[in-house]
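Have a look at the structure below, then the notes.
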Number of protein chains: 2
Amino acid sequence: MNDLSDGFDLGARLKALRDSHGMSQRELAKRAGVSNAIISMIEQNRSSPSVGMLKKLLDGFPMSLAEFFADDLKPRPQIFFAASELVELAGGAVSYRQVGKDMTGKAIQLMHERYQPGADTGGQMLSHEAEEGGVIIRGRLEVTVGDQVRVLGPGDAYYFDSRIPHRFRNVGTEECEVVTANSPPSF
Amino acid sequence: MNDLSDGFDLGARLKALRDSHGMSQRELAKRAGVSNAIISMIEQNRSSPSVGMLKKLLDGFPMSLAEFFADDLKPRPQIFFAASELVELAGGAVSYRQVGKDMTGKAIQLMHERYQPGADTGGQMLSHEAEEGGVIIRGRLEVTVGDQVRVLGPGDAYYFDSRIPHRFRNVGTEECEVVTANSPPSF
DNA sequence: GGGTGTCGATAAATATATTAATCACATTAT
DNA sequence: ATAATGTGATTAATATATTTATCGACACCC
């Protein structure tokens with residue numbers, strides 16, 4: 001009657017989480033207000049916890065159910081990237097220099113972008129399933145998200161759901177430099 | 001014995017899902033290979049389903065556990081952030097200025113970081129469940145990931161699985177400025 | 001009116017999860 | 001050495017989830 005697998009290894013997942021927080025079964029049990037025995041059982045997949053039980057356990061970290069079930073992370077190759085190794089995606093008036101070559105399986109798409117004066121992301125608004133944010137390093141960037149518009153300068157930042165139609169434009173007289181992140185990668 | 005609330009109304013959630021698919025309790029029960037009675041119980045929050053049970057039910061739609069729990073945290077989204085609005089997380093020799101206040105439910109944790117000359121992230125290596133990357137804006141940053149070390153300069157970048165023990169240190173004589181992204185947020 | 005089908009809810013029976021109290025094995029201190 | 005802790009695992013007792021079978025209510029058909 002073992003291996004009541006839920007499709008993924010919930011036990012191992014919980015154990016990894018607990019270990020990464022340097023917590024013992026008993027310590028977690030105390031925090032969550034449950035017995036230590038059940039934690040042992042769950043980690044061996046000898047018991048399938050109720051959602052309420054799992055919630056209690058995650059409260060001890062803390063971590064939400066959503067985060068717990070969030071899709072697993074994948075393997076990764078290259079760690080360091082010289083400035084010259086960033087891959088140029090577009091290369092016109094707007095330069096997208098991406099950290100990493102193949103984004104499949106990655107959680108974040110990190111880019112170093114440069115907008116020439118007057119350059120923008122095109123006439124039509126962009127929209128895709130992701131979240132994105134950025135920090136302005138140099139210059140002035142007009143950011144349009146839905147019906148909101150704002151001009152951001154060095155040190156300013158933005159963050160929004162990429163499904164909302166959006167657009168970027170350099171409204172300054174100098175080149176504009178931005179570091180952006182998309183999750184999941186969207187190009 | 002009622003109101004075994006899991007923190008959110010799982011019963012209503014399931015019912016809404018089922019209704020939106022125009023499915024009866026019995027039909028879902030058949031698809032999921034469980035009894036219709038338990039669905040009635042669960043929807044009334046008179047029973048807290050095991051994770052395995054919930055998985056079976058969601059397989060009938062189909063929907064993953066991750067998706068089911070995905071949008072239980074839907075905070076108000078601030079889009080634009082003035083430089084002064086970035087929230088300072090640590091504030092010592094290393095400054096972490098985060099884009100956004102509450103990261104729960106967000107996909108990316110975007111930060112504008114500054115390391116004073118000689119500053120580092122502490123003696124012990126960091127490790128957490130996420131992926132992270134960054135682009136160096138100014139100065140020189142020594143990045144240690146696992147057994148690999150590298151000094152990066154302006155325009156250089158890094159990207160790795162945060163579970164690999166890592167460390168950052170400003171080995172230059174001037175302040176070092178970096179824009180980083182974590183997914184999921186890890187502080 | 002009496003069928004026939006479906007719906008969601010409920011009761012008693014059964015399977016399973018969870019607890020409280022151990023056990024067996026390490027490491028550390030005396 | 002040996003006691004004293006701390007760890008994860010196990011067992012019998014109990015609480016709870018889940019099933020099987022049933023109920024009353026509503027709709028449709030003849």
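What's counted below: heavy atoms across the whole structure, side chains too, no hydrogens, waters or symmetry copies. Each chain gets a letter, A, B and so on, in the order its sequence line appears, and its residues count up from 1. Bear in mind that the values here come from a model prediction, so they are computed numbers and not experimental data.
Looking at the side chain of B/S50, the nearest of the listed nucleotides D/dT18, C/dA21, C/dG8 is D/dT18. You'll find that the side chain of A/S47 is closest to C/dT18, out of D/dG8, C/dT10, C/dT18. With D/dA9, D/dT20, C/dT18 as the candidates, the nucleotide lying closest to the side chain of B/A37 is D/dT20. Comparing C/dA17, D/dT18, D/dA17 against the side chain of B/S48 picks out D/dA17 as the nearest. When distances run from any side-chain atom of A/V34 to the nucleotides C/dT19, D/dT18, C/dT18, the shortest one goes to C/dT19.
Distance, B/L57 CG to D/dT18 P: 9 Å, rounded to whole Å. Summarising the geometry, the separation between CD1 on A/I39 and C1' on D/dT10 is reported as 15 Å, rounded to the nearest angstrom. Between A/R46 atom CZ and D/dT10 atom C1' there is a gap of 8 Å when expressed in whole angstrom units. One atom, CG of A/N36, and another, P of D/dT11, lie 15 Å apart when rounded to the nearest Å. Counting to the nearest Å, the C1' atom of C/dT6 and the CE atom of B/M23 are 16 Å from each other. Here D/dG8 presents its C1' atom at 14 Å from CD of A/E27, a figure rounded to the nearest Å. Counting to the nearest Å, the P atom of D/dT18 and the CG atom of B/L14 are 12 Å from each other. The CD-C1' distance, from A/E43 to D/dT10, rounds to 15 Å in whole Å.
For C/dG8, its base sits under 3.5 Å from the side chain of B/R26 at one donor and acceptor pair at least.
Checking the phosphate oxygens (OP1, OP2) of D/dT10, no side-chain nitrogen or oxygen of A/S40 falls inside 4.0 Å. Phosphate contact (OP1/OP2 of D/dA9, side-chain N/O of A/Q25, threshold under 4.0 Å): present. Checking the phosphate oxygens (OP1, OP2) of D/dG8, no side-chain nitrogen or oxygen of A/Q44 falls inside 4.0 Å.
Contact annotation for A/S24: backbone-only contact, meaning every heavy-atom pair under 4.0 Å involves sugar-phosphate atoms and none involves a base.
Judged by distance alone, the side chains of B/E132 and B/Q109 never bring a donor and an acceptor atom under 3.5 Å apart.
The side-chain heavy atoms of B/I39 and B/L57, taken from C-beta on, include a pair separated by under 4.5 Å. B/L141 places a side-chain heavy atom less than 4.5 Å from the side chain of B/V178.
The cationic group of A/R13 lies under 6.0 Å from the six-membered ring centre of A/F68 and within 45° of the ring axis, placing it in a cation-pi geometry.
Note on B/L17 and B/L28: same hydrophobic cluster, where clusters join Ile, Leu, Val, Met, Phe, Trp and Tyr whose side-chain heavy atoms are under 4.5 Å apart, directly or indirectly.
Place A/M41 and B/R18 on DNA chain C by their nearest nucleotides, and B/R18 ends up nearer the 5' end.
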